[in-house]
Number of protein chains: 2
Amino acid sequence: MFTKVLISDDLGSINQGVLSVLDNLGINNVQQVQYCDDAYLKIKRAILDEAPYDLLITDLSFKADHREQKYPSGEDLIRALKQEHPELKIIAYSVEDRLQKVRLLMNTYHTDAYVCKGRHGLVELEKAIQLVYDNKNYLSPQVAQAISHKTDLEINDYDIELVKLLSNGLSQEDISIHLKDNNISPSSLSSVEKRLNKLRIQFKANNAIHLVAIVKDLGLI
Amino acid sequence: MFTKVLISDDLGSINQGVLSVLDNLGINNVQQVQYCDDAYLKIKRAILDEAPYDLLITDLSFKADHREQKYPSGEDLIRALKQEHPELKIIAYSVEDRLQKVRLLMNTYHTDAYVCKGRHGLVELEKAIQLVYDNKNYLSPQVAQAISHKTDLEINDYDIELVKLLSNGLSQEDISIHLKDNNISPSSLSSVEKRLNKLRIQFKANNAIHLVAIVKDLGLI
DNA sequence: GTTATCCTTACGGTTTACCACAAAGACAAT
DNA sequence: ATTGTCTTTGTGGTAAACCGTAAGGATAAC
């Protein structure tokens, strides 16, 4: 089992639950920090001291305060650490349950597990730790569908990009121009209209505003 | 000091921190629940048994699951309890730090204290408990401004309602009709336009779509 | 009563979104 | 090359959003 674990979570209180889980697994060498930057430094330092951590459990959202941070979120921390130290196991432990974020963390940053804080968060966390120790991944049930490959009901990246541009305040004509500038095809205003119309039908949205609201709620953007 | 306390929070783990705070204050008779409905029933039962709780510490947001709930959020629970049992002291303990919500809870529902979960959440919670016991109120520093009097530049419930209706797919004319049907004033199309325009300026949004996206990202709707 | 101010409502004009249809291009199979 | 199909683009018309302006109403101060 893991022997040296770091917990990163700005709410000090929640760590006590995590600590008891680790204790159950016989893991005693546990440190905790309340800032991502501290986590980064502690992990770096441990490597220099040739006593590296073998597991990081980190929250994603950290309240900003007076301290200027190089890594303001758990996401930033994970990206940096996995790039520099792919061998370090990382479990994300967050209230966030948006599929898009889960997908990003797992597929792009290669996080080892994603556990949703919730009524059964600690139970799931224990499972996650054991699976990650066996070089496997883990996802909380509520976000397990994020990785299943059947989720794609023919909505592609182009479609997502359109809605994202919409949500950023661009008009449909702006979007057309933007696509032309970036040599993305199709780019005509008419095509943009047509695609968005298809999406509206697919998501049963009354208009573009409704569409953006729905797609945001689904966590696709 | 308080003798019988109920804690309501769907994340079981966080309660351990709260428990240790209560322990420090010499409060041992503490129960905890993970659903607002359970909190309501437990409090009602205790009153019938003539052994009422004298303090409730509750979270605001509870993840919905298979169990159908009469009080899906801590807000609903507080409103109901303060209406039926004004003498019961209630402390809201939440990550939520939106002034609008704080104002509603304190001024309208007469919650006794509002503590933000965060790096210093437990310290603040201890202060809150002591002040509430002395029939005073407490607000975490980051939301203390919620009650200060110069808050008129803020967004009110009417504004939020407008954006929410927008995000539900209603056109501005639909919204006008809806407001007229519900005897909410102002209700004219022109007024709806004007309010939304003000909100667009306030949130630096290019158009209604952008506005909805921004407000959703801020978690206001 | 007058004045000033704020809010609500109404109206016209411009821009953008929405929708149906048609033309032009891309592609594969024969 | 021709056919059929699909995608992309263009056009025109209606609805809705956007924006300025102004009329009407309530309120408070004087």
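Each chain gets a letter, A, B and so on, in the order its sequence line appears, and its residues count up from 1.
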As a test of understanding, state which of Lys198(A), Arg195(A), Lys194(A) forms a salt bridge (Lys or Arg N to Asp or Glu O under 4.0 Å) with Asp159(A). Arg195(A)
If you find the nucleotide of DNA chain D closest to Lys180(A) and the one closest to Ser171(B), which residue's nucleotide is nearer the 5' end? Lys180(A)
Heavy-atom distance under 4.5 Å between the side chains of Leu196(B) and Leu162(B), does that happen here? yes
Donor/acceptor link under 3.5 angstrom from Gln172(A) side chain onto base of dC18(C): no
Any side-chain N or O of Arg195(B) less than 4.0 Å from the OP1 or OP2 oxygen of dC7(C)? no
Ile184(A) CD1 - dT8(D) P separation (whole Å): 13 Å
Sorted by position of nearest nucleotide on DNA chain D, 5' first, the leading residue of Lys194(B) and Ile209(B) is Ile209(B)
Looking only at the side chains, is there a donor atom on one of Tyr138(B) and Asp112(B) sitting less than 3.5 Å from an acceptor on the other? no
So, using ring-ring contact (aromatic ring centres under 6.0 Å, His included) as the criterion, who are the partners of Tyr40(A) when residues are at least two apart? Tyr71(A)
On a plain distance test, is the side chain of Ser190(B) in donor-acceptor contact with the base of dA10(C) below 3.5 Å? yes
Would you say dT8(C) has OP1 or OP2 under 4.0 Å from some side-chain N or O of Ser188(B)? no
Could you work out which one of dT9(C), dC18(C), dT8(D) sits closest to the side chain of Pro186(A)? dT8(D)
Whole-Å distance, Leu162(B) CG to dA17(D) P, equals 13 Å
Can you see if the side chain of Asn197(A) gets near the phosphate of dC19(C) - specifically, an N or O under 4.0 Å from OP1 or OP2? yes
Could you state the atom-to-atom distance from CD of Glu193(B) to C1' of dC7(C) in whole Å? 16 Å
Rounded to whole angstroms, how far apart are CG on Leu166(B) and P on dA17(C)? 15 Å
In whole angstroms, the gap separating P of dA16(D) from CG of Leu170(B) amounts to 12 Å
What's the CG-P distance between Asn207(B) and dT14(C), to the nearest Å? 21 Å
